[in-house]
Every structure is written in structure tokens, then in C-alpha cells.
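Both ligands and their constituent atoms are indexed starting at 1 by order of listing.
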Amino acid sequence: MTKFVEAKFNIPVLKGITEKNIEEHLKLYSGYVKNANLILEKIEELSKNSEENAYVLGELQRRFGFEFNGMVNHEYYFEQFENQPKKLSPASKLRETIEQEWGSFDAWLNRFKAIALTRGIGWAMLYYDPLTKKLLNAWVDEQHLGQLNGCQTILALDMWEHSYVADYQPSGKKQYVEDFFENLNWEILEKNYAEAIK
Ligand SMILES: [Fe+2]
């Protein structure tokens, strides 16, 4: 059976988010990769006696979406910080599409920041839907409940408390969102978009 492989990231010094927090956060990511692999291994093993193990198999299968999306969401999250922060180029296709959809880049940004402040743990996501050719904002509870079927991730903002509480305290959630956008390398997002519209 093929295995999911843990990715490595070249993350620079960030505004507001400490190296220590990134280091701890990467350990959580590592756990998702490990558990996504573990679930598939256990399913294979327990399937040898599938009737007897039906209940456990069902629960493992149910849990797979949690571990898999935890792994993939974090890969989008950490990759966005790689190299160095870069603004979204005024000439970029992604900016043009955001402006078409929401009227202006700032209108989209304000809407997205508001989504990020949704109460509870989860992710604020910007997706591209290849069927309707639309960009869509979404809130995802935990990391799997509310992912949009068939859509490609363009931007993934982790709003679990582990991503900011050590640096910002619970009350600093809004500042974490502000700093996240300061730290973002939009070239990576432009690449995500270019791949999504291929
Ligand atoms: Fe996280």
C-alpha cells in the first residue's frame, strides 16, 4: 500500500506567529499524516475479518476524512508562508477573478476575514469550483465538515486555537488573522489558482 509522505516547508520568520508556534503546529501536521496512514493500514488489516470488525471498520472509515483533511489543509496552510510574503500582483488573473466575483479585492478580503472569525474551531477557505468556474469562500468546521465537493483549495486559513493562542491569547484571534495576511505569499496562491483552472 502506498503511504502519505510528510511534506517539508521552507517557512521564513513570520510577523506575529513565532517559530516555536510553527514548530509545535508542524508536530500536529505530522500527527495527521501518521494517522491518515495508520487508518488505511488498520482498515486493510481489519478487513481480513470484515464481518467481525464491522463496527470498528465503520468508525475508522468515518474518521478518515478528519485525518486526511487535517493533513491536506495543513499542507496548503504552511506552503502559503514559504519563501517570503508577497502581495497579490495587480495584473494577476486571481486578482481579476476576485474583483469580478466580489466587486473589489478589499470587499473579498473583508468578507473572508469575517468568515475567519466564525465562532468555533475550523478553517476559512477560498476555493475554485471547476464546474461553475467560480471562486467560493467557505467555513469548514474542524477540518472536514463543510469542504466543498470537487472544489480546489486556493487559500486555507487555520482557525483552530493551536494556530494562534500561544502567540496571541484567545482574545488576539483578530490580530492573528491580520498578521496571517501580512505573512502570506500570494505567489503560492496564484500558483494554486493557475493549477485549479487548467
Ligand atoms: Fe492546525
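To the nearest 10 degrees, the angle centred on the Fe ion (ligand 1) between NE2 in His74 and NE2 in His25 reads 100°.
Annotation: Glu195, atom CD; neighbour count of heavy atoms from other residues, nucleotides and ligands within 6.0 Å is above 12. The environment of Glu23 atom CD is dense: over 12 non-hydrogen atoms of other residues, nucleotides or ligands sit within 6.0 angstrom.
Under the ring pair (Phe, Tyr, Trp, His ring centres under 6.0 Å) rule, Phe81 has a single partner from Phe181, Phe180, Trp186, which is Phe180. Screening Tyr77, Tyr76, Phe9 against Tyr29 for a ring pair (Phe, Tyr, Trp, His ring centres under 6.0 Å) leaves a single residue, Phe9.
Atom OD2 is the N, O or S atom of Asp158 at the shortest distance from the Fe ion (ligand 1). The minimum distance between the Fe ion (ligand 1) and any N, O or S atom of His162 involves atom NE2.
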